[in-house]
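Here is the structure we will look at, set down as structure tokens.
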Amino acid sequence: MTHPHIYFTKLADIYGNVFSVRLGGEKMVFVSGYRMVKEAIVTQAENFVDRPYNAINDRLYSGDSGGLFSSSGETWKRQRRFALSTLRSFGLGKGTMEQSICEESRHLQEEIEKEKDKVQAEIDRVIGQIQLPRMADRPNLPYTDAVIHEIQRMGNIVPLNLVRMAAKDTTLGGYVIPKGTSLLPNLTSVLFDKTEWETPDTFNPRHFLDAEGKFVKRDAFLPFSAGKRVCLGEGLAKMELFLFLVGLLQKLSFSVPDGVELSTEGVTGLTLVPHSFNVYTKAR
Ligand code: HEM
């Protein structure tokens, strides 16, 4: 069965970058491709800042307008400010958070391993196998950084993004979008946009490297979405991905048992997660 995010991305090839689908009694406007998604959530940030009403949330939060993920208007602004300041006082960006992620990563190091490859060669050369990785090492590990970005591009865990709602009457791609319309800025269509990526359907860390092998940021790299409602945990998630992956590959080698086929197809749940599979791990 085709996953919904792939299906809706293919529909854009037929119906264009702004089309609507009736889901039950609700009309949902799908926005596709880097340019149009950016127009909606960055250029028109104020116009699409809200989330639509959701009956499940209404029950869960009994009458209040929902938690940070689903609230709108003043409630959302208050909750977002509070969550941001809580994350900051937790130590994000100050070292305390980095330290606790390093400790967790050390435990994981004892469990997993992968074949020596270019990432391990770079890690060995730059920080060796003894010293724990730090965020300050990232600029010196461009290949590793590019691999992490390419994994997130091809294996994004929130492929369809979260639904937004028009906070005002507006237009998008020449279409009138009335206040209250649900809108889905499809992230798969951005992360696989043929006009943005050299080899959109192939795993290729070179997407994030220049000719000299230096790391380059790409505008269409939006797994955390963008604009006023961009993922609140982006900094924390990036820190975890870097420290865990480097920590694991520093100490362990991974291999796939004979006959096991790995796949980037995920299982749809609250987020897209990989199918479970067995790997061999070996201390290096
Ligand atoms: C690889 C990991 C992650 C990915 C790919 C991801 C992706 C996303 C995406 C696509 C959105 C929707 C943004 C929008 O509406 O435009 C989002 C929202 C959000 N994320 Fe994440 N996320 C990740 C990890 C985290 C973590 C670790 C936290 C917690 C610290 C977090 C907290 C949030 C919150 C609170 C929102 C709602 C923000 C709002 O509505 O104002 N995320 N995330």
Side-chain angles (χ1 to χ4, degrees), residues 4-5 8-9 28-32 34 36-54 57 60-61 64-94 96-98 100-101 104-105 145 147-167 172 181-192 220-245 264 266 268-274:
H5 62 107
F8 288 121
T9 301
M28 174 88 73
V29 173
F30 280 79
V31 184
S32 307
Y34 169 63
M36 198 56 77
V37 166
K38 189 179 169 211
E39 159 76 21
I41 60 179
V42 180
T43 315
Q44 296 202 40
E46 285 289 348
N47 295 345
F48 295 108
V49 72
D50 284 345
R51 300 248 193 249
Y53 168 80
N54 176 320
N57 270 312
L60 283 177
Y61 295 98
D64 195 358
S65 35
L68 172 54
F69 275 101
S70 52
S71 56
S72 294
E74 278 307 312
T75 311
W76 167 72
K77 274 193 192 150
R78 215 174 44 242
Q79 289 175 339
R80 183 143 179 139
R81 265 200 302 270
F82 175 76
L84 269 174
S85 67
T86 309
L87 262 182
R88 276 196 202 108
S89 43
F90 219 4
L92 184 60
K94 286 200 202 119
T96 336
M97 185 70 84
E98 188 177 345
S100 38
I101 297 171
E104 266 186 73
S105 149
D145 204 9
V147 166
I148 294 173
H149 279 71
E150 186 65 353
I151 292 171
Q152 276 209 280
R153 186 187 72 81
M154 288 205 82
N156 183 22
I157 60 163
V158 192
L160 275 180
N161 207 341
L162 302 185
V163 185
R164 302 288 193 89
M165 186 183 75
L172 191 67
T181 308
S182 294
L183 185 111
L184 209 125
N186 179 353
L187 294 179
T188 300
S189 73
V190 179
L191 297 168
F192 288 79
F221 179 73
L222 297 183
F224 297 98
S225 191
K228 284 183 179 293
R229 262 198 119 128
V230 63
C231 172
L232 192 98
E234 178 174 357
L236 173 62
K238 282 185 163 167
M239 208 185 252
E240 289 193 330
L241 285 169
F242 178 78
L243 295 173
F244 277 131
L245 192 98
T264 51
T268 316
L270 195 58
T271 57
L272 196 70
V273 292

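Indexing begins at 1, ligand by ligand and atom by atom, following the structure's order. Residues: numbered from 1 along the sequence shown.
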Check ligand 1 for close polar pairs with the protein: N or O on both sides, less than 3.5 Å.
{"unit_1": "ligand 1", "atom_1": "15 (O)", "unit_2": "R51", "atom_2": "NH1", "d": "2.8"}
{"unit_1": "ligand 1", "atom_1": "15 (O)", "unit_2": "R51", "atom_2": "NH2", "d": "2.9"}
{"unit_1": "ligand 1", "atom_1": "15 (O)", "unit_2": "R164", "atom_2": "NE", "d": "3.0"}
{"unit_1": "ligand 1", "atom_1": "16 (O)", "unit_2": "R164", "atom_2": "NE", "d": "3.3"}
{"unit_1": "ligand 1", "atom_1": "16 (O)", "unit_2": "R164", "atom_2": "NH2", "d": "2.6"}
{"unit_1": "ligand 1", "atom_1": "16 (O)", "unit_2": "S225", "atom_2": "OG", "d": "2.5"}
{"unit_1": "ligand 1", "atom_1": "40 (O)", "unit_2": "R51", "atom_2": "NH2", "d": "2.8"}
{"unit_1": "ligand 1", "atom_1": "40 (O)", "unit_2": "L68", "atom_2": "O", "d": "3.3"}
{"unit_1": "ligand 1", "atom_1": "40 (O)", "unit_2": "R229", "atom_2": "NE", "d": "2.7"}
{"unit_1": "ligand 1", "atom_1": "40 (O)", "unit_2": "R229", "atom_2": "NH2", "d": "3.1"}
{"unit_1": "ligand 1", "atom_1": "41 (O)", "unit_2": "W76", "atom_2": "NE1", "d": "2.6"}
{"unit_1": "ligand 1", "atom_1": "41 (O)", "unit_2": "R80", "atom_2": "NH1", "d": "2.9"}
{"unit_1": "ligand 1", "atom_1": "41 (O)", "unit_2": "R229", "atom_2": "NE", "d": "3.3"}

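With sequence neighbours excluded, the residues satisfying ring-ring contact (aromatic ring centres under 6.0 Å, His included) with F8 are F30. For K238, the side-chain hydrogen bond (donor to acceptor under 3.5 Å, both in side chains) partners two or more places apart in sequence, or in a different chain, are E234. Partners of F48 under the ring-ring contact (aromatic ring centres under 6.0 Å, His included) rule, at least two apart in sequence or in another chain, do not exist in this structure.
Separating the CG atom in N156 from the CZ atom in F224 is a distance of 8.5 Å, to the nearest 0.5 Å.
Because its NZ or CZ atom is both nearer than 6.0 Å to the ring centre of F192 and within 45° of the ring axis, R153 counts as a cation-pi partner of that residue.
The backbone N or O of V49 lies less than 3.5 Å from a partner atom in the side chain of R229, making a donor-acceptor pair.
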